[in-house]
Structure formats: C-alpha cells, structure tokens
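Read the structure below first, then the notes.
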Number of protein chains: 2
Amino acid sequence: MSFQKYTLKDIAKALNLSTSTVSRALRDSYEISEETKKKVLSYAQKINFQVNPIARSLKERRSNTIGVIVSEISNNFFSQVIEGIESVAYDRNYQVVITQSHENNKREKLLVEHLFKRSIDGLLMTLSAESNETEYLEDLVKSGFPLVFFDRVPETFDAHKVIADNKKGGVEAVEYLVRKGCRRIAHITGNHNLSTNRERLDGFKKGLKANGFPFEEEAVRYCPHGGADAGEMERAVQELESYGYDGIFISGDRLTTGYLQALNRLGDLENKTHRIVGFTNSKVFEIFNPPITAIKQPAIEMGEKAAKLLIAQIEAKYPMEEYETIMLPIEMASK
Amino acid sequence: MSFQKYTLKDIAKALNLSTSTVSRALRDSYEISEETKKKVLSYAQKINFQVNPIARSLKERRSNTIGVIVSEISNNFFSQVIEGIESVAYDRNYQVVITQSHENNKREKLLVEHLFKRSIDGLLMTLSAESNETEYLEDLVKSGFPLVFFDRVPETFDAHKVIADNKKGGVEAVEYLVRKGCRRIAHITGNHNLSTNRERLDGFKKGLKANGFPFEEEAVRYCPHGGADAGEMERAVQELESYGYDGIFISGDRLTTGYLQALNRLGDLENKTHRIVGFTNSKVFEIFNPPITAIKQPAIEMGEKAAKLLIAQIEAKYPMEEYETIMLPIEMASK
DNA sequence: ATGAAAGCGCTAACAG
DNA sequence: CTGTTAGCGCTTTCAT
C-alpha cells in the first residue's frame, strides 16, 4: 500500500497527456483510444492512483455519503440495522455517516440540518421517541430530498418507509400465548409517539378480539421511557400484579429486557410462572431468565432494504413518483 | 429549516462585497471591520448560511472525517465504543465513517486503503481476528498518518493505543473465583492472534500462581472462532467436562454468551453449579441464565478516549513525538 | 479594510 | 481522438 497521493495532473505529466484525457480515460470514455486508455490505466494502476473524492464531489455536487440517524447506536436493534446499511453502502461505494438523536427531538432536528449541510446525498432515519414535531421532515421529503424512514416512521405524511409488521407481531404474540393456555394477557408498551408501539398495541387488541377476549385498559402499562428508566418499569410490574395475568406481551427491546431485569430485582421468579412474549433483537435471548419467546425484527434486512431504497432514489434520474412502504415480516423464536 | 444552499458568492452579491471579504468576515478575521462583520454575520444567519464543507475540504486538504474499522458493528462492545467515538466526534465537528472488517484480514486491508483514499483525516481501528499481516499498518503509522488502535492492538510495533487492562481482568477473575471457594478453575479463550485474548490468558496464569494454583494446559480450551461457531463451543464445553472444574473464566463477549448458550443447549444446567466469570459488555447480563459475574470493559470511554487522542493527533501542528498507550480499568459486576 | 486572482483536483463543454 | 478552458465553492496571497 502506498500513501502517496497522486493527481490527474501527475499522470498527465508523466504520460504527456492533458488532464482531461486522463480523466476521460480513467472513466472509460468512448472518446479515448484504446491505446491511450491502456497506457493511462496501467500507469494509474502502477502508482495506485485513486481519484480525489472530495474534488469529484465538489465538481459533481454529490458526496457519495449517506447520513443515518438512530436514537442510540449501541442498541441491539439499531446496531443490526446499521450493519445492514453499511454492507449495502459499502458495495455501492457510499460512505455511511452515523449519528445519534438520543431520543431527543431538538437534537434530531439539529442532526438533520447538520447532515444536510454536510452535503449528504440522502438520509436514513428512525424517529426519536420525542419526535412530535415533524413538519420540517415533511418539508424535507416534499423538497425531493432522498430520505427513507425505517422502523419508527411518521404517519402524518407520505414518505418512503421500511418497517416491520408490528401489528402482526402483536396479533401473533397473543395467539401464541392463547395457544399455550394463557387466559389473562397483559401488555407493556412504550412511548406512544412511536408508530411501532401504537401498531403493536393495535395488534394486541386485534389478537385478543380474534380469540374472544375482551380488551381491558388495566391490562396495559405504559412506560414512556421505553425501559431505560428502571423505576418506571418496576412500578409497571407492581401495578400489573393485581391484574393477575398469566401471559404478557411486551412491545420493545429495552422494555423486554427491562421487564426481565425488574422481575429479577423484585425477586420472585419462582412464583411467576407466566409466559412472556416480547419484541427483542437480542442475539442471546435463549439465555435469558426467565425464559421468553422473542419477536424479532429483521433488522439487518431492514437496513439493507432501506439503504437500497435510498440509493435508488439518489441515483434516480427523475424523483420517484410513488412513495413506497416496505413491510418486513417479523419472526417468533422460543428457546 | 431551509433547504436552499447558499454560497459565499450569494452573500457577497447581496451585500455588495467580495467573496474574500465575506469569507474572512465569517471566519472572524482581524482584517475585517466590526461593521462589515456584523452585516455579514447577520445576513448569513438570516439565510441560514453554512459553508460548503466539501469546497472547504478541497481547499484545506482535510475532510473533518474520521474512519472507524471494527469487526462487527452489531457487537455489544463495539457498538458501545462507536457510541463513544460518535459523541466526541460530533462535539468537535468531525464526521464518523464506520466500516466492518468481519474479522477478515484481506477486507481489513481493503478498508484501510479505501478509507485512506477517501481522504479521512485519521483512522480508529481494532484489529480483526485474522490480522496476522500488519506490516502495512506499521508503515501507515510510521508515515505519520493519524491512527489510534483500540481494544485489539498490534504488539509488534509502537503506535497510539487505547486498551482495557485485560491482564488484570484475568487476575481478578481468578481471585474472585478463589474467594468464592473455587479450587479448579477452567478457562475458555478465543483467537490468539488477538492481544486481548493473550493478555487475559496471561492474567489467568498470573492469578492462579498468585493463589498457589498450578497452571494446567487441560484447563484451557481454545475457540479460535470466538464463540461465533456454536459447534466449536459445544465441543469445548464437553472436552472440559473431564477436567471437573468448579469455576471458569471466559475471555470474551461472544465466548461468554456462547458458553451460556452451549450450557443451555446441552441442557444440564441444574447439575452445573460452577461459578462463571466472563468478559462481556452486555447491558443485561443480570438476566442471564446461569448467572455470571461480568467483567466489563469501559467501552464508551474507550471510544471517547480513542477519538480524543486521534483528534489531538490530527490537529497537532507537529506530529506527536511519543506514542501513547492509554489503559482503562475493567470493572466486575455480579447480578 | 477590502478586492482581485490563483488554485485545491476534478469534470465537461467547446474547439480543433 | 485530444487539448484548452472554465468552474464547482472556498481560502489566501498579494495588491491596493
């Protein structure tokens, strides 16, 4: 590997050509003779020449960079999504710039602006739990800027979206629990700004109905801090006690592990013999105690699909007419 | 938020100034009168002007971008490191470009080259398990290019490094187990290309010695695939059976969870009452079954420290004279 | 204190 | 088929 950086000019000088000829030869232009192309290519190879992407970006007005906003990188689910994004981007020669909103609406807005000004060619984002004010995103979409939402998506306006079938997740969770003999099913959910939690609650209701169970408000506990707040979760667990449930469906990754942590801390694991079904993308849910049935989102695939959809937009000659929503199936797994 | 992009020229035209004056005013140059500065600044604010980072990069020959290479983004530990890196970089106005080596030496080399050519200002990397050939990295370091290794670092040459106190982790693991009454302590380790695994094994040996126990080769099982290969781990567990251990120390994140998975699969959790101490950065190790004592690396801090060290190098007027190795303490935690 | 002009490395319109 | 030239948006030297 050589660390010397060469320019077109260097090659031009060495071969007694003009920079434009070199440029064209390297881009395999039809205007250049085979002979010259060969000469240029082989010399370029020899010195391990690489075009300066910054100069090219300035000229072409595109950076080959896509921005990503997630709430937290070190979250099972999001890190897997990022893994998917990165792999597609790498193959298509895009750089990926990752940022974190920390569930904060203000910061999210700053990030969008920051990334936008940083000349990203497109943006991949999931909404923060606090995102109530999303007008600026609607404007951004309407302006034609390539943007794909994944997982937590806006519902007040049209846009490209990649999501999991959250509602079905709720339905299947209930069905599974009923099949296993549960008769009183509780639900723990997170912040209802998020499309995901609302959809999963919908699924929960639908599942109950389909199985002839009434929906009872006392069966549901809300943890707006999404499991990050231990006290909140412990309270939820204790409040739910009186409901006497024999099965529970939990709406999110941190909520699920938070619930298990709370059970462990409150320390009556033996008495609790209820079944637990929860959304989680943990790769090691089989070693959790108490055991759970996991609902997984195809995170890597979601990242891949979102990245592909975004790159398609970026590289489209004309803005894409129709907004597309890709819905991915969820997957249930028991130990 | 406005999506219109303005240039210096736009401002210059609007205010009847030259672009150079505007440029200087925006950078608060002493040559510009307060009055003009005010005029320019307020107008810039009004139209929400942002310099074009690409043009600036071309001119200044720096991209304000740092590259990161990890083996896998969706790994507890690495995603936490990235979280730390991102936060520091964001504050100091650097972009972070993340890539994954997938433990593959060839790909790692390609990435280094790729990032380098992409005009990153500096590189943060952890070695892949396959990294045996690291000469090119030595050359890169010697060339003066800003580069900081973290976690898995090269040992055949000097460089800036940020690591955890792995050896101490091994020592403390043994000490903990002995204190809890263990008399026969086993060890599972990963690929010995990696500094981390070698150091932890060293610590293991040292800990045994300090407590008057002999080191026995049969006590150690090697899992070069680092827990990613389930069969490998199951074999290790079964082979270890005959050693009759009452305590075990496990050398890595995936190895630790892999060990627990293997125990669960092999299914005699009740008979196994040995104590387990393992490196893991899982945020939810308290809900693991069987219970373990976790050795955590300060991952976020490691990312922060590495990023700061890197940025210091990038922004240093003269190349830093001395290579610095920052060693961070590990932390033990039980349920 | 301000402006004109050059140049970072590249691409492409235009000319030949 | 190849070269000349202009220009992407910015910073900075040199002139005034």
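Lettering of chains follows the sequences in order, A, B, ..., and the numbering in each one begins at 1. Note that this is a predicted model, so its numbers are computed, not measured. When reading the values below, keep in mind they use all heavy atoms of this one structure, side chains included, and skip hydrogens, waters and symmetry mates.
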NZ or CZ of A:Lys109 within 45° of A:Tyr136 ring axis and under 6.0 Å = yes
In whole angstroms, how far is the [atom2] atom of [N] from the [atom1] atom of [X]?
X       : N      : atom1 : atom2 : answer
B:Ile32 : D:dT11 : CD1   : P     : 13 Å
A:Lys59 : D:dG7  : NZ    : C1'   : 5 Å
B:Asp28 : D:dT11 : CG    : C1'   : 16 Å
A:Glu60 : C:dG9  : CD    : C1'   : 12 Å
A:Lys9  : C:dC10 : NZ    : P     : 10 Å
B:Ile54 : C:dG7  : CD1   : C1'   : 18 Å
B:Arg61 : C:dG7  : CZ    : P     : 12 Å
A:Lys5  : C:dC10 : NZ    : P     : 11 Å

So what does A:Leu17 hit on the nucleic acid, given a heavy-atom distance under 4.0 Å: a base, only sugar-phosphate, or nothing?
-> sugar-phosphate
When all nucleic acid strands are considered with a 4.0 Å heavy-atom cut-off, which category describes A:Ser57: base, sugar-phosphate, or nothing?
-> nothing
Between A:Ser128 and the options A:Arg107, A:Glu103, A:Glu108, the side chain to side chain donor-acceptor pair (under 3.5 Å) test singles out A:Glu108
Do A:Ser20 and A:Ser23 have a side chain donor and acceptor closer than 3.5 Å?
-> no
Under 3.5 Å side-chain donor-acceptor pair for A:Glu31 and A:Ser29 | yes
Using a 4.5 Å cut-off on heavy atoms from C-beta on, say whether the side chain of B:Leu310 contacts that of B:Tyr94.
-> no
Result of checking B:Thr36, B:Leu17, B:Thr7 against B:Val22 for side-chain contact (heavy atoms from CB on, under 4.5 Å) = B:Leu17
Earlier contact from the 5' end, DNA chain D, for A:Glu31 and B:Ala55 = A:Glu31
Where do A:Phe150 and A:Ile69 come nearest, in terms of heavy atoms and distance?
-> CZ-O, 4.2 Å
Give the nucleotide from the list D:dG9, C:dC10, C:dA12 with an atom nearest to the side chain of B:Asn52.
-> D:dG9
Side-chain contact check for A:Arg56: nearest option of C:dG9, C:dA1, C:dT11 is C:dT11
Residues within residues 18-27 of chain A bordering DNA chain D, heavy-atom distance below 4.0 Å = A:Ser18, A:Ser20, A:Thr21, A:Arg24
